[in-house]
Amino acid sequence: QAQLVESGGGLVQAGGSLRLSCAASARTFRPYAMGWFRQAPGKEREFVAAISAGGGRTDYADSVKGRFTISRDNAQNTVYLQMNSLKPDDTAVYYCAAATSFKVTIQDYNYWGQGTQVTVSS
């Protein structure tokens with residue numbers, strides 16, 4: 001059973017930083033592109049960032065470009081999301097997910113974590 005486990009969420013003031021981590025089994029992780037998504041209360045789940053299996057390509061939602069950085073450590077089977085200059089609008093449950101290809105739709109992500117809450121206070 002594939003497994004993704006997020007950590008690193010919490011409460012932070014606007015302008016602050018958090019780093020999210022997503023640990024995966026090797027079977028889930030190494031061949032897959034990885035993505036971060038978020039879902040705020042009453043809103044649909046939305047794309048935040050993605051990284052290719054080898055780590056050479058990344059993609060970001062316009063709303064987080066220049067503030068968030070996705071990275072991965074294939075030796076540790078972990079993907080990270082460094083979030084800087086956080087805003088109250090970034091408040092959401094953040095999910096990591098795995099897909100067989102890079103830059104695909106949300107429906108193409110095969111495996112999902114349980115999510116971690118990020119709350120940004122003003």
Side-chain angles (χ1 to χ4, degrees):
Q1 182 74 18
Q3 189 172 25
L4 301 173
V5 180
E6 301 97 335
S7 61
L11 174 64
V12 63
Q13 288 188 330
S17 298
L18 283 174
R19 189 176 81 154
L20 306 183
S21 300
C22 174
S25 61
R27 179 172 169 268
T28 308
F29 189 76
R30 292 177 187 178
Y32 287 87
M34 300 296 294
W36 285 97
F37 295 80
R38 65 188 182 186
Q39 188 167 18
K43 295 187 177 181
E44 293 187 353
R45 193 170 297 188
E46 65 176 6
F47 170 76
V48 175
I51 188 166
S52 59
R57 292 177 292 168
T58 57
D59 188 31
Y60 296 93
D62 287 343
S63 59
V64 306
K65 279 181 182 176
R67 301 189 298 122
F68 291 10
T69 303
I70 189 171
S71 61
R72 66 190 293 162
D73 182 343
N74 284 350
Q76 298 294 325
N77 298 328
T78 303
V79 62
Y80 303 98
L81 185 68
Q82 178 66 44
M83 305 186 294
N84 298 329
S85 302
L86 283 161
K87 305 174 181 179
D89 284 349
D90 296 317
T91 296
V93 177
Y94 284 70
Y95 299 89
C96 71
T100 56
S101 299
F102 180 61
K103 295 196 79 168
V104 295
T105 65
I106 188 171
Q107 290 80 8
D108 293 315
Y109 279 80
N110 307 92
Y111 304 107
W112 291 83
Q114 82 289 349
T116 186
Q117 176 70 46
V118 172
T119 303
V120 185
S121 63
S122 57

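No side-chain donor-acceptor contact under 3.5 Å links Asp108 to the backbone of Lys103. The main-chain N or O of Thr116 is never found under 3.5 Å from a side-chain atom of Glu6 such that the two would form a donor-acceptor pair.
The side-chain tip of Arg19 points at the ring of Tyr80 from less than 6.0 angstrom away and within 45° of straight on. A cation-pi contact, defined as under 6.0 Å to the ring centre and within 45° of the axis, is absent between Arg67 and Tyr60.
In this structure, OG1 in Thr100 is found 9.5 Å from OH in Tyr109, a value given to the nearest 0.5 Å. Atom CD1 of Ile51 sits about 6.0 Å away from atom CZ of Arg72, to the nearest 0.5 Å. Put simply, OH on Tyr94 and OG on Ser7 are 15.0 Å apart, with the number rounded to the nearest 0.5 Å. From Leu11, atom CG reaches atom CD of Gln117 across 9.5 Å, with rounding to the nearest 0.5 Å. Here the CD1 atom belonging to Ile70 is positioned 12.0 Å from the CE atom belonging to Met83, to the nearest 0.5 angstrom. Within the model, atoms OG of Ser122 and CD of Gln13 stand 9.5 Å from one another, a figure rounded to the nearest 0.5 Å.
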What do the steps show when you test Leu20 against Phe68 for side chain to side chain contact (heavy atoms under 4.5 Å, CB included), and what is the final call? CA-CA 11 Å; Leu20 306 183; Phe68 291 10; over 6 Å; no
Could you go through the side chain to side chain contact (heavy atoms under 4.5 Å, CB included) check for Trp36 and Cys22 one step at a time? CA-CA 9 Å; Trp36 285 97; Cys22 174; 3.7 Å; yes
Could you walk me through whether Lys87 and Asp90 pass the salt bridge (charged side-chain N to carboxylate O under 4.0 Å, His left out) check? CA-CA 5 Å; Lys87 305 174 181 179; Asp90 296 317; over 6 Å; no
Run the side chain to side chain contact (heavy atoms under 4.5 Å, CB included) check on Arg38 and Val118 step by step: do they pass? CA-CA 9 Å; Arg38 65 188 182 186; Val118 172; over 6 Å; no
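Using a 30° and 60° split on the angle between ring planes, Phe47 and Phe37 fall in the perpendicular class, above 60°.
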